[in-house]
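Reviewing the structure listed below.
Residue numbering restarts at 1 for every chain, and letters A, B, ... go by the order of the sequence lines. All figures in this text were calculated on a predicted structure; none of them were measured in a lab.
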Number of protein chains: 2
Amino acid sequence: MDTKPAMHLTIGAVAKRTGVGIDTIRYYEREKLLPAPRRRPSGYRDYDAATVERLRFIRRAKQLGFTLDEIRDLLALSADRERGVKSVKLRAQARLGEVEARIRELQRVKRGLAQLIDACPGHGPLERCPILRALGEENDA
Amino acid sequence: MDTKPAMHLTIGAVAKRTGVGIDTIRYYEREKLLPAPRRRPSGYRDYDAATVERLRFIRRAKQLGFTLDEIRDLLALSADRERGVKSVKLRAQARLGEVEARIRELQRVKRGLAQLIDACPGHGPLERCPILRALGEENDA
DNA sequence: CTTGACTCTGGACCACGCTCCGGGGTTTAG
DNA sequence: CTAAACCCCGGAGCGTGGTCCAGAGTCAAG
């Protein structure tokens, strides 16, 4: 907990520390995921450590599958003391539900594919390939 | 197996029979997923039953998560007698591998979310919300 | 014949999340 | 001082898979 004296970082330095590209950082600023930073007399953006934290937050939320819209929400909520926690938990639960639904959907797809592959001899006339047959069949799944 | 006499279908009729939109059918034609159909003297596209089949094939392949590029491949292979079957099976296996990888990835995400949700009380100060804390933490997962 | 539903074309536009470009100004190492 | 490396901005472009539009021609029912 040393007193860091503001830490003047250029956008490039922030990019290096976070692994987020320069263009992406500017994009996040346009998209209101990052506040507009202070500027040096030259016009250069002048970042502090908090921005680096915020970018890491964004990166991790993205890894959990949140969209930028959702992350913007999370960031807003995390600035809203008291009311924030409940909402953040709800958002996370909603996201979990979506992830679970997507997994179920993919497992359905996986079963369909696996069945076809099992049944396919891998050689011989096309007419006997169950993959093509299934894809072409009349009945709508 | 009655001898169907060519079946003259307009694009709208095909759309109705397949559930694929008119604009989408024309898009598939541009993208070489469908052959350019015969034309009536008026210039109207004139489809037969085979196109309807082909569109259903495309729809089902899409449901299995194939991209349009992959479907174009599958369609080409399904016209290649003998060599086709082996390749089709390989494509399906590759697709299965991708689906499985995606499921594993989502399960990783799901575990991460579920842990955070379990640990979050859902109320109280933000400082104690493990969701926000985890997203903001220094260590890179 | 009229009316309304259909079809034609080329091209613009959408979401999403970046990524790159040109033409300039700034900063820093040597 | 110079050259390299950095930064600024506005705007275009990418990939995927469509969707929508205007303006003009066609077809079928009444």
Side-chain angles (χ1 to χ4, degrees), chain A residues 7-48 51-52 54-75 95 98 102 109, chain B residues 7-48 51-52 54-75 95 98 102 109:
Chain A
M7 262 191 106
H8 293 286
L9 297 169
T10 62
I11 195 169
V14 172
K16 219 163 267 169
R17 275 165 181 70
T18 59
V20 176
I22 288 177
D23 283 342
T24 305
I25 294 173
R26 286 196 282 242
Y27 170 71
Y28 286 169
E29 183 181 329
R30 281 199 295 285
E31 296 297 311
K32 313 288 186 198
L33 288 156
L34 294 177
R38 273 177 285 118
R39 298 298 184 121
R40 296 188 187 173
S42 61
Y44 280 25
R45 287 172 179 79
D46 196 0
Y47 293 103
D48 54 23
T51 304
V52 173
R54 205 173 166 98
L55 275 167
R56 289 192 174 139
F57 180 107
I58 293 170
R59 258 198 7 178
R60 273 184 284 272
K62 267 170 54 64
Q63 282 167 12
L64 291 178
F66 288 95
T67 64
L68 295 189
D69 268 6
E70 291 166 335
I71 295 170
R72 197 178 3 249
D73 273 11
L74 286 175
L75 286 166
R95 176 74 202 132
E98 288 164 17
R102 183 69 183 137
V109 166
Chain B
M7 263 191 106
H8 294 286
L9 298 169
T10 62
I11 195 169
V14 171
K16 218 163 269 169
R17 273 166 182 71
T18 58
V20 176
I22 288 178
D23 283 342
T24 304
I25 294 173
R26 287 195 282 243
Y27 171 70
Y28 285 170
E29 182 181 330
R30 281 200 295 285
E31 295 297 311
K32 312 290 186 198
L33 288 155
L34 295 177
R38 273 176 285 119
R39 297 297 184 122
R40 295 188 188 172
S42 61
Y44 280 25
R45 288 173 179 77
D46 197 0
Y47 292 103
D48 55 22
T51 303
V52 173
R54 205 172 164 100
L55 274 167
R56 289 191 175 139
F57 181 107
I58 293 171
R59 258 200 5 180
R60 273 184 285 271
K62 265 171 54 64
Q63 282 168 12
L64 291 178
F66 288 96
T67 65
L68 295 189
D69 268 6
E70 291 166 336
I71 295 170
R72 198 177 3 249
D73 273 10
L74 286 175
L75 285 166
R95 177 72 201 132
E98 288 163 17
R102 183 69 183 138
V109 166

Q) Could a donor-acceptor pair under 3.5 angstrom be found where the side chain of A/Tyr44 meets the base of D/dC6? A) yes

Q: Specify the separation, in whole Å, of atom CD1 of A/Ile11 and atom P of D/dA5.
A: 19 Å

Q. For the side chain of B/Tyr27, counting heavy atoms from C-beta on, which of C/dG17, D/dC8, D/dG18 is nearest?
A. D/dG18

**Q.** Whole angstrom value for the distance that separates C1' of D/dC8 from CZ of A/Arg38
**A.** 18 Å

Q | Option passing side-chain contact (heavy atoms from CB on, under 4.5 Å) with A/Val20 (candidates A/Leu55, A/Val14, A/Val52) | A | A/Leu55

**Q.** Pairing of B/Glu98 and B/Arg95 as salt bridge, 4.0 angstrom limit
**A.** yes

Q. Which of these, A/Thr24, A/Leu74, A/Ile25, A/Ile71, sits in a side-chain contact (heavy atoms from CB on, under 4.5 Å) with A/Ile58?
A. A/Ile71

Q: Check the distance between D/dC8's P and A/Arg39's CZ and give it to me in whole angstrom.
A: 6 Å

**Q.** Atom-pair distance (CG on B/Asp23; C1' on C/dC13), nearest Å
**A.** 12 Å

Q) Do A/Pro35 and A/Glu29 come within less than 4.5 Å of each other through their side chains, counting heavy atoms only? A) no

Q: Please report, rounded to the nearest Å, how far the C1' atom of D/dG25 is from the CZ atom of B/Arg45.
A: 14 Å

Q | C/dT27 OP1/OP2 closer than 4.0 Å to side-chain N/O of A/Ser42 | A | yes

Q.
Are the side chains of B/Arg40 and B/Arg45 in contact, using a 4.5 Å heavy-atom criterion?
A. no

Q) Atom CZ of B/Arg40 to atom P of C/dT9: distance rounded to whole Å? A) 14 Å

(Q) I want to check one thing: is the phosphate of D/dG18, taken as OP1 and OP2, less than 4.0 Å away from some side-chain N or O of B/Lys62? (A) yes

Q) Between B/Leu68 (CG) and D/dT19 (P), how many Å, whole number? A) 11 Å

Q: Find the distance B/His8:NE2 to D/dA28:C1' and express it as a whole number of Å.
A: 17 Å

Q. Quick one: which of D/dG25, D/dC8, D/dT19 gets closest to the side chain of B/Arg30?
A. D/dT19

Q. Is any side-chain N or O of B/Tyr28 under 3.5 Å from a base N or O of D/dG18, one able to act as donor and the other as acceptor?
A. no

Q) Between B/Thr10 and C/dC6, does any side-chain N or O lie under 4.0 Å from OP1 or OP2? A) no

(Q) C/dT19, OP1 or OP2 - any side-chain N/O from A/Thr24 closer than 4.0 Å? (A) yes

